[in-house]
Enquirer: 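Quick one: the structure is below, questions incoming.
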Amino acid sequence: PDTEACEKGEEQSAEAKLAVIRKEAFDRFYLVKEKIERMRNAAAEEAEVKDAEKKRHEVEAATKKESERAAEGKERATAHKEEEQSAEEKLWAKACADQEAEEA
């Protein structure tokens with residue numbers, strides 16, 4: 001009878017140790033699983049940040065290009081206007097000279 005009780009005690013003790021080992025393994029498993037999840041989330045956030053930076057650079061480049069085009073268009077318009085004014089001034093000068101020649 002003592003042997004049986006001793007064996008049952010050892011069996012219960014072994015089961016208790018096994019339960020502790022299982023719980024520790026289970027806890028470690030979830031700690032590792034959580035760490036992997038955090039790493040995945042960090043990687044996803046990093047990818048989102050890189051994508052946002054890439055898009056920002058694309059928008060900046062497009063804005064700069066549009067700004068340069070607008071400046072070039074403004075320069076061309078100003079040059080064209082100056083040419084028109086110069087041509088008009090020449091016509092007026094010629095008309096005045098013709099008028100003076102007729103009067104003389």
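The model shown is predicted, which means the values in this text are computed figures rather than measured ones.
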Enquirer: Taking NZ, NE, NH1 and NH2 as the nitrogens, is one of them in K65 or E68 under 4.0 Å from a carboxylate oxygen of the other?
Expert: no
Enquirer: Have E103 and Q99 got a donor and an acceptor in their side chains that come within less than 3.5 Å?
Expert: yes
Enquirer: Run the salt-bridge test on K33 and E37 with the 4.0 Å N-O cut-off and return the result as yes or no.
Expert: no
Enquirer: If you count the non-hydrogen atoms of other residues, nucleotides and ligands that lie under 6.0 Å from CZ in R56, is the total more than 12?
Expert: yes
Enquirer: Within this structure, what is the CG-CD distance for the pair D27 and E24, rounded to the nearest 0.5 Å?
Expert: 8.0 Å
Enquirer: Rounded to the nearest 0.5 Å, what's the gap from CZ on R22 to CD on E15? Could you check?
Expert: 9.0 Å
Enquirer: Rounded to the nearest 0.5 Å, how far apart are OG of S13 and CG of L18?
Expert: 11.0 Å
Enquirer: Checking side chain to side chain contact (heavy atoms under 4.5 Å, CB included) against Q85, which of K81, E83, E88 comes through?
Expert: K81
Enquirer: Are more than 12 heavy atoms from other residues, nucleotides or ligands located less than 6.0 Å from atom NE2 of H80?
Expert: no
Enquirer: Is there a side-chain contact between K90 and K94 in this structure, where contact means two heavy atoms from C-beta onward sitting under 4.5 Å apart?
Expert: no
Enquirer: Would a distance-only check, ignoring hydrogens and angles, find a side-chain to backbone donor-acceptor pair under 3.5 Å from T78 to K74?
Expert: yes
Enquirer: Could you measure the distance from the CD atom of E89 to the CD atom of E84? Nearest 0.5 Å is fine.
Expert: 12.0 Å
Enquirer: Look at the side chain of T63 and the backbone N and O of V59, then say whether any donor-acceptor pair between them is shorter than 3.5 Å.
Expert: yes
Enquirer: Hey, mind stepping through H57 and K54 against side-chain contact (heavy atoms from CB on, under 4.5 Å) and telling me if it holds?
Expert: CA-CA 5 Å; H57 288 297; K54 181 181 174 187; 5.8 Å; no
Enquirer: As an exercise, state the distance from CD1 of I36 to CE of M39, rounded to the nearest 0.5 Å.
Expert: 7.5 Å
Enquirer: Got a second to check how far D98's CG is from E102's CD, nearest 0.5 Å?
Expert: 7.0 Å
